[in-house]
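Only a predicted model underlies this, so the values are computations on that prediction, with no experimental measurement involved.
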Amino acid sequence: MEIGSWSDWVSAVCNIIMAAAAFYAAYNAKKWFSRKTSENSHSLAINLKVDIEKALKIAQADYLNIANRINSFRSNPSRNKCDNAYDYREEVLSKMNDINEFHAALIRIESHDINIMNKKILSDSIEMCSNLYAAASSIFQYQYELLSGDTSISPELYDEIVDELLPLKNKITKQYETLLNCRFDAIFKSIT
């Protein structure tokens with residue numbers, strides 16, 4: 001029976017060491033990937049909470065712009081203001097699209113290893129912002145359509161939507177304070 005030369009033995013030992021190192025690296029890579037995925041999920045959740053807080057704050061400021069435009073239009077409606085209403089409507093539709101992205105972010109977070117324990121505070125915040133911009137969109141659409149004299153919204157409905165803006169803004173302000181004072185771990189919890 002031939003045992004082999006020293007170089008064969010050294011080569012065999014080196015191969016065993018390399019196999020063990022590869023196994024160890026693969027095992028740790030799986031743990032690293034899992035930890036990195038968890039870190040990314042937490043980052044998504046933190047960013048979502050901060051982004052929704054910002055959206056609520058911006059909605060409060062936008063209410064003032066919307067109210068000023070409504071008052072300016074009511075005091076002196078003009079062709080130029082009707083034309084501007086079209087641009088204002090496009091602005092609020094763009095903001096509505098941005099707000100709707102938060103729904104997709106919620107789904108992404110839920111598909112990771114984060115449990116949203118208090119989803120209501122987030123979804124209510126998103127809905128309030130959407131409602132403000134939807135109301136503004138309807139208001140500006142009405143103002144723009146006055147040029148043609150053929151409005152898709154009745155004057156009564158227009159007045160009703162305008163009257164609902166201030167209570168909605170007050171809800172947004174209260175929701176902003178609630179979300180701002182809500183701890184992250186009261187909303188999100190890691191599953192792992």
Side-chain angles (χ1 to χ4, degrees), residues 27-71 84-143 153 157 160-192:
Y27 175 75
N28 281 332
K30 183 178 178 184
K31 286 174 47 179
W32 176 85
F33 184 74
S34 176
R35 186 177 75 246
K36 196 66 173 166
T37 300
S38 179
E39 289 172 5
N40 288 341
S41 298
H42 277 86
S43 179
L44 282 173
I46 290 168
N47 290 340
L48 178 63
K49 182 180 183 294
V50 169
D51 289 345
I52 292 175
E53 288 170 358
K54 285 179 188 175
L56 288 167
K57 187 73 172 171
I58 291 168
Q60 292 175 61
D62 285 343
Y63 164 79
L64 295 175
N65 291 332
I66 294 164
N68 287 337
R69 290 172 179 167
I70 292 168
N71 292 334
N84 289 340
Y86 179 83
D87 295 332
Y88 300 153
R89 182 172 183 268
E90 292 301 311
E91 286 177 24
V92 295
L93 289 176
S94 174
K95 290 186 180 197
M96 282 179 67
N97 288 335
D98 294 342
I99 297 298
N100 288 334
E101 289 297 316
F102 294 144
H103 290 294
L106 279 173
I107 293 168
R108 279 194 307 275
I109 289 170
E110 286 180 320
S111 70
H112 288 83
D113 55 351
I114 299 288
N115 181 24
I116 305 174
M117 299 178 308
N118 190 355
K119 189 174 182 178
K120 183 169 175 37
I121 195 168
L122 300 174
S123 58
D124 285 353
S125 300
I126 294 167
E127 182 180 347
M128 286 177 194
C129 290
S130 289
N131 289 344
L132 177 75
Y133 293 125
S137 173
S138 296
I139 289 166
F140 295 137
Q141 178 178 343
Y142 173 83
Q143 291 176 352
I153 299 170
L157 181 57
E160 186 179 317
I161 293 170
V162 170
D163 291 342
E164 292 174 1
L165 281 179
L166 181 59
L168 183 55
K169 183 260 184 189
N170 292 336
K171 287 180 185 177
I172 288 172
T173 301
K174 185 177 178 184
Q175 186 72 8
Y176 172 73
E177 294 298 325
T178 302
L179 185 59
L180 195 62
N181 294 320
C182 190
R183 291 185 351 259
F184 177 81
D185 61 353
I187 301 173
F188 300 101
K189 182 179 179 186
S190 178
I191 296 173
T192 57

Separation of [Y] [atom2] from [X] [atom1] (nearest 0.5 Å):
{"X": "Y142", "Y": "R89", "atom1": "OH", "atom2": "CZ", "answer": "15.5 Å"}
{"X": "F102", "Y": "I126", "atom1": "CZ", "atom2": "CD1", "answer": "7.0 Å"}
{"X": "N84", "Y": "R69", "atom1": "CG", "atom2": "CZ", "answer": "8.5 Å"}
{"X": "E90", "Y": "L93", "atom1": "CD", "atom2": "CG", "answer": "5.5 Å"}
{"X": "N131", "Y": "M96", "atom1": "CG", "atom2": "CE", "answer": "8.5 Å"}
{"X": "R108", "Y": "L48", "atom1": "CZ", "atom2": "CG", "answer": "8.5 Å"}

Test of understanding: with salt bridge (charged side-chain N to carboxylate O under 4.0 Å, His left out), list the residues that count as partners of [X], not counting sequence neighbours.
{"X": "D185", "value": "R183"}
{"X": "K57", "value": "none"}
{"X": "E127", "value": "none"}

Is there any side chain to side chain donor-acceptor pair (under 3.5 Å) pair reaching into residues 91-107, and which pairs are they, with sequence neighbours excluded?
D62-K95

Please give me the minimum heavy-atom distance between [X] and [Y], naming the atom from each residue.
{"X": "I99", "Y": "A55", "value": "CD1-CB, 3.7 Å"}
{"X": "A135", "Y": "L165", "value": "CB-CD2, 3.8 Å"}
{"X": "K119", "Y": "L106", "value": "CE-CD1, 4.3 Å"}
{"X": "I187", "Y": "C182", "value": "CG1-SG, 3.6 Å"}

So, using side chain to side chain contact (heavy atoms under 4.5 Å, CB included) as the criterion, who are the partners of [X] when residues are at least two apart?
{"X": "T173", "result": "Q60, K169"}
{"X": "Q175", "result": "L56, I121, D124, S125, M128"}
{"X": "L180", "result": "E53, Y176"}

Side chain to side chain contact (heavy atoms under 4.5 Å, CB included) between N115 and F188, intermediate numbers included:
CA-CA 6 Å; N115 181 24; F188 300 101; over 6 Å; no

Partners meeting side chain to side chain donor-acceptor pair (under 3.5 Å) with [X] (sequence neighbours left out):
{"X": "E164", "answer": "none"}
{"X": "S138", "answer": "none"}
{"X": "K54", "answer": "none"}

Contact between [X] and [Y] at the side-chain level, heavy atoms closer than 4.5 Å - yes or no?
{"X": "Q143", "Y": "I70", "value": "yes"}
{"X": "L132", "Y": "V92", "value": "no"}
{"X": "Y63", "Y": "N170", "value": "no"}

Tell me, yes or no, whether the heavy-atom count around Y86 atom OH, taken from other residues, nucleotides or ligands under 6.0 Å, exceeds 12.
no

Could you tell me which residues satisfy ring-ring contact (aromatic ring centres under 6.0 Å, His included) with Y88, sequence neighbours excluded, listed by chain and number?
F140

Just by distance, do the side chain of S137 and the backbone of Y133 share a donor-acceptor pair under 3.5 Å?
no

